[in-house]
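Here is the structure we will look at.
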Amino acid sequence: MSTIEVDFTTKYFLRRRGDKLVLVGNVRELGFWCPANAPFSTQTSDGNHSLKTDLDRGSMIEFKWAVVNESK
């Protein structure tokens with residue numbers, strides 16, 4: 001199956017030191033709903049966060065953004 005690059009973007013202000021925004025979902029590339037395995041976003045500007053990943057073309061995905069804290 002071929003893949004397509006998908007760019008996810010959201011606006012969120014992280015509040016605590018060590019907080020990271022991850023994109024968690026129902027596919028391997030998004031950690032199979034496990035935040036510890038999910039990819040981290042990159043903060044761009046003004047609270048915007050972005051994450052690019054390759055997903056199988058035509059696949060049905062479910063996802064949500066989650067805040068994790070690396071220091072815990």
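What's counted below: heavy atoms across the whole structure, side chains too, no hydrogens, waters or symmetry copies.
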query: For the side chain of Asn26 and the backbone of Ile61, is there at least one donor-acceptor N/O pair under 3.5 Å apart?
result: no

query: Hey, quick one: are Leu30 and Val67 part of the same hydrophobic cluster, counting side-chain heavy atoms closer than 4.5 Å, chains of contacts allowed?
result: yes

Here the gap from Thr9 atom OG1 to Lys52 atom NZ, rounded to the nearest 0.5 Å, amounts to 8.5 Å

(message) Could you check whether Asn48 and Thr10, counting side-chain N and O atoms only, form a donor-acceptor pair closer than 3.5 Å?
(response) no

Notebook entry, point to check: Does one hydrophobic cluster hold both Val24 and Val68, with members joined at side-chain heavy-atom distances below 4.5 Å?
Noted result: no

Tested for side-chain contact (heavy atoms from CB on, under 4.5 Å) against His49, the lone hit among Leu23, Thr42, Leu14, Val22 is Leu14

Give the C-alpha distance, both sets of side-chain angles, the deciding distance and a yes or no for side-chain contact (heavy atoms from CB on, under 4.5 Å) between Trp65 and Tyr12. CA-CA 10 Å; Trp65 292 97; Tyr12 189 84; over 6 Å; no

Correct closest heavy-atom pair for Ile4 and Arg57 would be CD1-NH1, 3.8 Å

Linking I/L/V/M/F/W/Y whenever any side-chain heavy atoms sit under 4.5 Å apart, do Phe40 and Phe63 land together?
no

To the nearest 0.5 Å, atom CD of Glu29 lies from atom CG of Asn37 at 12.5 Å

Between Ser41 (side chain only) and Leu21 (backbone N and O only), is there a donor and an acceptor less than 3.5 Å apart?
yes

Between the main-chain N or O of Arg16 and the side-chain N or O of Asp19, is there a donor-acceptor pair closer than 3.5 Å? yes

CG of Asp54 to OG of Ser2, rounded to nearest 0.5 Å, is 10.5 Å

Rounding to 0.5 Å, atoms OG (Ser45) and NZ (Lys11) come to a distance of 7.0 Å

message = Strictly distance-based, threshold 3.5 Å: is any side-chain N or O of Asn69 a donor or acceptor partner for the main-chain N or O of Arg17?
response = yes

